[in-house]
Amino acid sequence: MKLREILKDIEIIDIRGKIDLDTEISNMSYNSINIEASGLFVAIKGKITDGHKYIKNAKNHGAIVAVVEDFKEVYIPQIKVDNTRKSLADLAKNFYKDPSKDLKVIGITATNGKTTTSFMLKKILSENKINTGIIGTVYTKFADVNIPSILTTPESLELQKYFKEMLDKNISHVVMEVSSSAQQMLRVNNIDFDIVSFGNLSREHIDQHGSFENYFRDKSKIILNAKKGSFALLNMDNEYIASLKEKTKASVLTISMENLDSDFGISKLDLSTGFGKFMFHVNRDIKEINLKKQSFEVEMGSVGYASVMNGVIAISLALILQVDKNIILNALENFKGVERRFELIYDEKFKVLDDHFANEKNIDVTMTTLSQMNYKNLHILYAIRGNRGVELNRAVDERLCFWLKKLKASTLFTTFSEDTVKQKDKVTQEEKAVYAEVLKNNNIETVYFNELKDGINNILKKAQSGDIVLLAGCQGMDKGAKFVEKYLLENNLVTNIKDFTKRIDNRTC
């Protein structure tokens, strides 16, 4: 593509060196290592490093033009702009010829549940014979392409590249998670969203954004920037999210888990088996999507209250996309959940649930579900979240103790998972100390295991018929299911070995 086409609508402050706008550009990147011959390099200032340091390296790899915020003493033509992150999104849109405008893109944001909601909607659309791509925390996947994720929402350049490749492979719909970081860092600029949703909000990522107000501001951009003619699905149970209703050009549709005043709602929720069953209500005729007022029963194939909340959003989004309700119901009944999101990994002599327990809100949702389930005894193995800071861990530890006392858990074991976590997720001495302090203040006893394997084996030995074992923790519990599999198979506790091993052996963790 000619350089003049890539630079279309880019606000250029200045130019250093001789620029030929008819120069053919074959590739572009913000990583100097990835540049090839006849490439365009975009120097981004990041939190860890500054791309301007690598302009010379980019040139050596084949870059013939650099887009910069500050001119550098490198013999390569340089185009100066105000914000290279913003320009990257603009340049990528031009380079890949704005592919998202030819796709139906559904953007899903929330503090918790983005991944599960996305997988649910992908399942529904696929069962409706719609060629669908998905972009999120686990992977970017479409057709025969499967790329493990580094970021929940990739950089703008990768996003535009994926969209173009999706079009080439006849994908029509894209379901994507949109993180607050992606919105703050302008990664989703120039994406032509057709439907956006904001499912829930709690105090998370405060260190990254500086304050809760900043976090909400960044989180809301996907709604505030939604185009006229698109749809925005808002959870009216949260006053912050509800406040966006009058601040977007999109046609707003609403959901509520607490009352039937919104467009979509539920009643008669039953979680006694762990698998949610409820009545879903369309509370009015919605002319915008040609949907009549109606109610129907939903039976979830995945466990937990969070699964119900995510399911309500997925159902609503599918209805906005005019998917038949029977296809929706069948898809959700067959959807068995996303790994490590209150995942039921064993359900024979006793139940083993695996949950990533990331924050206070997540803990509340998980434990609320357990409080409504029928079981004899509750055994918990908790993997402390390492290297996240004393105050964050203190808040999580306090919430854990609140629920331990409320649910009268029979067993609390704790692991540092030193046999499985990488250095960046090691539990610090300060985090160990604050955990011990919080447990002592709440008169709660625990047994510590340095290794995850030992913790798993010992917690499973405690489980009897009718009990529940909860594996709780983020990175420190990622490998837990593998040890569960080994223990249960060695002790002949699995009847349907093929289905059991297939689910665990196919995990991403």
S.K.: Check the pair Asp237 / Asn200 against side chain to side chain contact (heavy atoms under 4.5 Å, CB included), numbers first and verdict last.
M.R.: CA-CA 8 Å; Asp237 295 333; Asn200 57 68; over 6 Å; no
S.K.: Please step through side chain to side chain contact (heavy atoms under 4.5 Å, CB included) for the pair Ile108 and Val175, ending with a clear verdict.
M.R.: CA-CA 8 Å; Ile108 296 171; Val175 180; 3.8 Å; yes
S.K.: Can you pull the salt bridge (charged side-chain N to carboxylate O under 4.0 Å, His left out) pairs that have at least one residue in residues 437-446, sequence neighbours excluded?
M.R.: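 Residue pairs passing salt bridge (charged side-chain N to carboxylate O under 4.0 Å, His left out), neighbours aside: Arg394-Glu437.
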S.K.: How close do Ile171 and Leu167 get, counting heavy atoms only, and between which atoms?
M.R.: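 It is O-CD2, 4.3 Å.
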S.K.: Does any donor atom in the side chain of Thr84 or Tyr30 lie under 3.5 Å from an acceptor atom in the other side chain?
M.R.: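 No, Tyr30 and Thr84 have no side-chain donor paired with an acceptor closer than 3.5 Å.
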S.K.: Just checking, any donor-acceptor pair under 3.5 angstrom between side chains of Thr446 and Tyr382?
M.R.: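 Short answer, no.
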S.K.: Does Thr109 use its side chain to pair, donor to acceptor, with the backbone of Val178 at less than 3.5 Å?
M.R.: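 Pair found, side chain donor or acceptor close to backbone of Val178.
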S.K.: To the nearest 0.5 Å, how far apart are NZ in Lys479 and CD1 in Ile456?
M.R.: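 Those atoms lie 13.0 Å apart.
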S.K.: Do the side-chain N and O atoms of Ser180 and Gln183 include a donor-acceptor pair separated by under 3.5 angstrom?
M.R.: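 Result is no, nothing qualifies.
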S.K.: Look at the side chain of Thr140 and the backbone N and O of Gly136, then say whether any donor-acceptor pair between them is shorter than 3.5 Å.
M.R.: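 Here the side-chain-to-backbone pair does not exist.
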S.K.: Where do Glu431 and Thr428 land on the side chain to side chain donor-acceptor pair (under 3.5 Å) test, with the steps shown first?
M.R.: CA-CA 5 Å; Glu431 289 167 333; Thr428 66; 3.2 Å; yes
S.K.: Would you say the side chain of Tyr435 lies within less than 4.5 Å of the side chain of Val396, judging by non-hydrogen atoms?
M.R.: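 They are not in side-chain contact.
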S.K.: Indicate yes or no: at least one non-hydrogen side-chain atom of Ile130 is less than 4.5 angstrom from one of Ile124.
M.R.: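 Sidechains of Ile124 and Ile130: no contact.
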S.K.: Please give me the minimum heavy-atom distance between Gly276 and Leu271, naming the atom from each residue.
M.R.: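 Where Gly276 meets Leu271 most closely, the heavy atoms are CA-CD2, 3.7 Å.
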S.K.: Charged N to carboxylate O under 4.0 angstrom, Arg399 versus Asp364?
M.R.: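 Judged by the 4.0 Å cut-off on N to carboxylate O distance, Arg399 and Asp364 do form a salt bridge.
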S.K.: Just so I know, are the side chains of Asn27 and Ile25 near enough to count as touching, which here means a heavy-atom distance under 4.5 Å?
M.R.: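 Asn27 vs Ile25: side chains apart.
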S.K.: Would you give the length of the straight line joining atom NZ of Lys219 to atom CG of Leu224, rounded to the nearest 0.5 angstrom?
M.R.: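 Here the interatomic distance stands at 13.5 Å.
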S.K.: Taking the cut-offs as 6.0 angstrom to the six-membered ring centre and 45 degrees off its axis, would you call Lys432 and Phe416 a cation-pi pair?
M.R.: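 Yes, a cation-pi geometry holds between Lys432 and Phe416.
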S.K.: Between Asp90 and Asn190, do the side chains contain a donor N or O and an acceptor N or O under 3.5 Å apart?
M.R.: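 Side-chain D/A pair, Asn190 to Asp90: present.
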S.K.: Strictly below 4.0 Å, N to O, side chains only: are Glu165 and Lys161 in salt-bridge contact?
M.R.: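 Salt bridge present between Glu165 and Lys161.
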S.K.: Taking the side chain as everything from C-beta on, heavy atoms only, tell me whether Asp144 gets closer than 4.5 Å to Lys169.
M.R.: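 Answer yes - side chains close enough.
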S.K.: Only pairs at least two apart or in different chains count here, so list each side chain to side chain donor-acceptor pair (under 3.5 Å) that has a residue in residues 448-459.
M.R.: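 The answer is none; no pair qualifies.
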S.K.: Under the criterion side chain to side chain contact (heavy atoms under 4.5 Å, CB included), which of Leu353, Ile380, Asp355 is the partner of Leu370?
M.R.: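 The passing option is Leu353.
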S.K.: For Val74, does its backbone N or O pair with a side-chain atom of Gln78 as donor and acceptor, under 3.5 Å?
M.R.: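 Yes; at least one donor-acceptor contact below 3.5 Å.
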S.K.: Measure from the side-chain N and O atoms of Ser100 to the backbone N and O of Asp192, and report whether any donor-acceptor pair falls under 3.5 Å.
M.R.: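 A pair under 3.5 Å: yes.
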S.K.: In a check of side chain to side chain donor-acceptor pair (under 3.5 Å) between Tyr54 and each of Thr49, Asn60, Asn31, which one passes?
M.R.: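 Result: among Thr49, Asn60, Asn31, Thr49 is the only option passing the side chain to side chain donor-acceptor pair (under 3.5 Å) with Tyr54.
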S.K.: Does any N or O in the side chain of Thr116 come within less than 3.5 Å of the main-chain N or O of Val338, such that one atom is a donor and the other an acceptor?
M.R.: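 Side chain of Thr116 to backbone of Val338, a donor-acceptor pair under 3.5 Å: no, none is there.
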S.K.: Show the numbers, then the answer: is there a side chain to side chain contact (heavy atoms under 4.5 Å, CB included) between Met367 and Phe357?
M.R.: CA-CA 10 Å; Met367 299 308 231; Phe357 238 56; 4.1 Å; yes
S.K.: Answer with yes or no whether the side chains of Ser32 and Asn57 bring together a donor and an acceptor at under 3.5 Å.
M.R.: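 Judged by distance alone, the side chains do pair up.
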S.K.: Could you tell me if the side chain of Lys461 sits less than 4.5 Å from the side chain of Tyr487, heavy atoms only?
M.R.: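 With C-beta onward as the side chain, the pair touches.
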S.K.: Would you name the heavy atoms of Gly311 and Leu332 that are closest together and state the gap between them?
M.R.: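 Closest approach of Gly311 to Leu332, heavy atoms only: O-CD1, 4.4 Å.
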S.K.: Is there a side-chain contact between Leu317 and Ile106 in this structure, where contact means two heavy atoms from C-beta onward sitting under 4.5 Å apart?
M.R.: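 Yes, close enough: below the 4.5 Å cut-off.
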S.K.: What I want to find out is whether Asp70 reaches Lys45 closely enough, with some N-O distance under 4.0 Å, to be called a salt bridge.
M.R.: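 Counted as a salt bridge, because a side-chain N and a carboxylate O are separated by less than 4.0 Å.
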S.K.: Can you tell me if Glu177 and Thr137 form a side-chain donor-acceptor pair at under 3.5 Å?
M.R.: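 Judged by distance alone, the side chains do pair up.
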S.K.: Can you list the steps and then say if Phe449 with Phe413 is a side chain to side chain contact (heavy atoms under 4.5 Å, CB included)?
M.R.: CA-CA 8 Å; Phe449 297 90; Phe413 286 168; 3.6 Å; yes
S.K.: Extract all donor-acceptor atom pairs below 3.5 Å that involve side chains of residues 466-475 and protein atoms in other chains or at least two apart in sequence.
M.R.:
{"unit_1": "Asp467", "atom_1": "OD1", "unit_2": "Asn377", "atom_2": "N", "d": "3.1"}
{"unit_1": "Asp467", "atom_1": "OD1", "unit_2": "Asn377", "atom_2": "ND2", "d": "3.3"}
{"unit_1": "Asp467", "atom_1": "OD2", "unit_2": "His379", "atom_2": "NE2", "d": "3.0"}
{"unit_1": "Asp467", "atom_1": "OD2", "unit_2": "Gln464", "atom_2": "N", "d": "3.0"}
{"unit_1": "Gln475", "atom_1": "OE1", "unit_2": "Arg388", "atom_2": "NH2", "d": "3.3"}

S.K.: Report, as yes or no, whether the 6.0 Å neighbourhood of atom NZ on Lys426 holds more than 12 heavy atoms from other residues, nucleotides or ligands.
M.R.: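 Counting other residues, nucleotides and ligands, NZ of Lys426 exceeds 12 neighbours.
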S.K.: What is the distance from atom OG1 of Thr366 to atom NE2 of His356, rounded to the nearest 0.5 Å?
M.R.: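 The OG1 atom of Thr366 sits 8.0 Å away from the NE2 atom of His356.
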S.K.: Using 0.5 Å steps for rounding, measure from the CE atom of Met28 to the CG atom of Asn34.
M.R.: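 Going from the CE atom of Met28 to the CG atom of Asn34 covers 12.0 Å.
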S.K.: Determine whether Leu381 and Leu460 make a side-chain contact, defined as any pair of heavy atoms from C-beta on separated by less than 4.5 Å.
M.R.: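 No, side chains not in contact.
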S.K.: Using a 4.5 Å cut-off on heavy atoms from C-beta on, say whether the side chain of Leu493 contacts that of Glu348.
M.R.: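 They are not in contact (no side-chain heavy atoms under 4.5 Å apart), so the answer is no.
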S.K.: Hey, does the side chain of Asn238 reach the backbone of Ile241 with a donor-acceptor pair shorter than 3.5 angstrom?
M.R.: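 Yes; judged by distance alone, with no hydrogens or angles, the pair exists.
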S.K.: Nearest 0.5 Å, what's the CG-CG distance between Asn496 and Asp347?
M.R.: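 Spacing of CG (Asn496) from CG (Asp347) equals 12.0 Å.
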S.K.: Is any NZ, NE, NH1 or NH2 atom of the basic residue among Asp505 and Lys502 found under 4.0 Å from an Asp or Glu carboxylate oxygen of the other?
M.R.: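 Here Asp505 does not pair with Lys502 in a salt bridge, since their nearest N and O are not under 4.0 Å apart.
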S.K.: Would you find more than 12 non-hydrogen atoms of other residues, nucleotides or ligands less than 6.0 Å from Lys336 atom NZ?
M.R.: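 Yes, because the 6.0 Å sphere around NZ of Lys336 holds more than 12 heavy atoms from other groups.
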S.K.: Taking the inter-plane angle between the rings of Phe212 and Tyr240 on a 0 to 90° scale, is it parallel (under 30°), tilted (30 to 60°) or perpendicular (over 60°)?
M.R.: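 The rings of Phe212 and Tyr240 stand perpendicular, inter-plane angle above 60°.
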S.K.: So how far is it from Thr415 OG1 to Met477 CE, rounded to the nearest 0.5 Å?
M.R.: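 Here the interatomic distance stands at 6.5 Å.
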S.K.: So, Asn442 and Lys405: side-chain donor and acceptor under 3.5 Å apart, yes or no?
M.R.: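 Present: a donor and an acceptor within the cut-off.
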S.K.: Within the 3.5 Å criterion, strictly below it, is a donor on Asn362 or Asn359 matched to an acceptor on the partner's side chain?
M.R.: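 Side-chain D/A pair, Asn362 to Asn359: absent.
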S.K.: Any idea how Phe142 and Tyr162 line up, ring-wise: parallel (<30°), tilted (30 to 60°), or perpendicular (>60°)?
M.R.: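 Because their plane-to-plane angle lies in the 30° to 60° range, the rings of Phe142 and Tyr162 count as tilted.
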S.K.: Would Ser307 and Ser302 count as having a side-chain donor-acceptor pair, cut-off 3.5 Å?
M.R.: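 Short answer, yes.
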S.K.: Do you know which two heavy atoms are closest between Pro154 and Glu158, and how far apart they sit?
M.R.: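 Reported closest heavy-atom pair: CB-CB, 4.0 Å.
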S.K.: Looking at Glu213 and Arg217, is there a salt bridge between them, counting it only when a charged N and a carboxylate O are closer than 4.0 Å?
M.R.: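 So Arg217 does not pair with Glu213 through a salt bridge.
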S.K.: Looking only at non-hydrogen atoms, find the nearest pair between Ser197 and Ile223 and report the distance.
M.R.: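 Taking every non-hydrogen atom into account, C-CD1, 4.3 Å.
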